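Down below is the structure, laid out as structure tokens.
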Number of protein chains: 2
Amino acid sequence: MPRTVAERADVIPVLAEIFREHGFEGASLAIIGERTGLGKGSLYHFFPGGKEEMATVVLAEIGAWFEANIYRPLRETAEPRTAVGAMFRSVSAYFYSGRRICLVGSFALDNVRDRFADQIRSYFTAWKASLTDALRRIGHNEPEARDLAEEAVLGIQGALVLARALGDPLVFERAMQRMEQRLIA
Amino acid sequence: MPRTVAERADVIPVLAEIFREHGFEGASLAIIGERTGLGKGSLYHFFPGGKEEMATVVLAEIGAWFEANIYRPLRETAEPRTAVGAMFRSVSAYFYSGRRICLVGSFALDNVRDRFADQIRSYFTAWKASLTDALRRIGHNEPEARDLAEEAVLGIQGALVLARALGDPLVFERAMQRMEQRLIA
DNA sequence: GTCTATATGGAGATAGAC
DNA sequence: GTCTATCTCCATATAGAC
């Protein structure tokens, strides 16, 4: 008999976490079944396209979350200096101060990069663009704003790599501090 | 009959490139056999420990290369300003201006991170330490040197992630320029 | 040292009962 | 919607001839 009646939406955050921890190929259906509490039947009922569809949906949800919580505020908040500070706080919370990796960044380095190339590119393009916009409004000129935005976006990814490699979240926190200083000063 | 008589040392750079392109799990023995021109028999003759041993050996060779070509020059070159400039040129060449990813960084984000944790940590620890040393000798005070070194090491990793995600090597080249400026100025 | 053949396991995915 | 049983494929690894 059925364990419980699940909703597809409830499963997505769990999938995201599994992909972060195990990568795309490492996230076996066995693990996914265990963590979601769903059998293969239910999984394929929700995601007829299998793992590939699961990852696509997860990436879409991540993109939507960043759009709502990071990119839009950067573009639309009246006080851009505040918005940039808020971005660093949101990012720090989102990545658990460097204890959690960026799924999009890890996919970019992974074997699966080509399969999800469009979603990966959009994520970073939108981030760069919205941050550039805020920096422009803070008072930086156009090329300077673009440079600083690129540096910050890449710095966040690098901080996640290094913090994970060294097993030291402080690496991430220090990088956030430095970048915020540089952008807002 | 045997195809050719190979040496283990010749195989290692090929393995490194395969792991970079496909990741650890994605690098199947089929691919490895194809690219090295070796059958499974030869592969297991050279690496009785299988793929895990292959990756360990590859990481060791990468570590040795960086020690000889990056870390030692940073520590020992009489003119540290020159050494830092040389580091950026070597790194840029090594990563093909951002077209090639860092195997160690990609492993750090991957499912296999725990299996190779020691080698991953050493790679970044040694890089940070040797760069800090050079910056110290350039004239930065201790905490400043440490901060700048950490920022540069992490910036290189982030630049590789973003360049790959956007399919744009210029992202990498710009990041190298900015960092060199900041470190040497 | 290299090859081919094979063992064995686990992967993703499907079928159909309930 | 959920389950179990099953299919097929390809993974790593081994054995033993040459």
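The structure displayed is predicted, hence computed values, not measured ones. Just so we're on the same page: letters track the sequence lines, and every chain starts at 1.
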Check whether any side-chain heavy atom of [X] sits under 4.5 Å from a side-chain heavy atom of [Y], and report yes or no.
{"X": "A:L183", "Y": "A:H140", "value": "no"}
{"X": "B:F19", "Y": "B:M54", "value": "yes"}
{"X": "B:M87", "Y": "B:E180", "value": "no"}
{"X": "B:Q157", "Y": "B:V161", "value": "no"}

Does [X] use its side chain to pair, donor to acceptor, with the backbone of [Y] at less than 3.5 Å?
{"X": "A:R137", "Y": "A:L74", "value": "yes"}
{"X": "A:K51", "Y": "A:A27", "value": "yes"}
{"X": "A:R100", "Y": "A:Y94", "value": "yes"}

Rounded to whole angstroms, how far apart are [atom1] on [X] and [atom2] on [N]?
{"X": "B:E34", "N": "D:dT12", "atom1": "CD", "atom2": "C1'", "result": "17 Å"}
{"X": "A:L43", "N": "D:dC3", "atom1": "CG", "atom2": "C1'", "result": "12 Å"}
{"X": "A:D10", "N": "D:dG1", "atom1": "CG", "atom2": "P", "result": "12 Å"}
{"X": "B:R8", "N": "C:dG1", "atom1": "CZ", "atom2": "P", "result": "12 Å"}
{"X": "B:F24", "N": "D:dA11", "atom1": "CZ", "atom2": "P", "result": "14 Å"}
{"X": "A:I32", "N": "C:dG12", "atom1": "CD1", "atom2": "P", "result": "7 Å"}

Sub-4.0 Å heavy-atom contacts from residues 108-120 of chain A onto DNA chain C, ordered by number: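 Residues of residues 108-120 of chain A under 4.0 Å from DNA chain C: none.
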Is the phosphate of C:dG1, meaning OP1 or OP2, less than 4.0 Å from a side-chain N or O of B:H45?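 B:H45 to C:dG1 OP1/OP2: side-chain N or O found under 4.0 Å.
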Any residue meeting salt bridge (Lys or Arg N to Asp or Glu O under 4.0 Å) with B:D114, in chain and number order, not counting sequence neighbours: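 Scan of B:D114 (salt bridge (Lys or Arg N to Asp or Glu O under 4.0 Å), adjacent residues dropped) gives none.
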Contact pattern, 5' to 3', of nucleotides 13-18 of chain D - B, S or - by protein heavy atom under 4.0 Å: BB----
Quick one: side-chain contact (heavy atoms from CB on, under 4.5 Å) partners of B:E142, sequence neighbours excluded?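 Only B:T132, B:R136, B:R146 meet the side-chain contact (heavy atoms from CB on, under 4.5 Å) criterion with B:E142.
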Among pairs that include at least one residue of residues 156-165 of chain B, which meet salt bridge (Lys or Arg N to Asp or Glu O under 4.0 Å), considering only residues two or more places apart or in two chains?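 Output for this query is empty, none listed.
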Sort me out a list of protein N/O and nucleotides 8-10 of chain D N/O pairs below 3.5 Å, or just none if empty.
none

For salt bridge (Lys or Arg N to Asp or Glu O under 4.0 Å), just list the numbers for B:K128 and B:E151, CA-CA rounded to whole Å, side-chain angles, deciding distance to a tenth of an Å, and then say yes or no. CA-CA 9 Å; B:K128 264 185 68 175; B:E151 190 174 17; over 6 Å; no
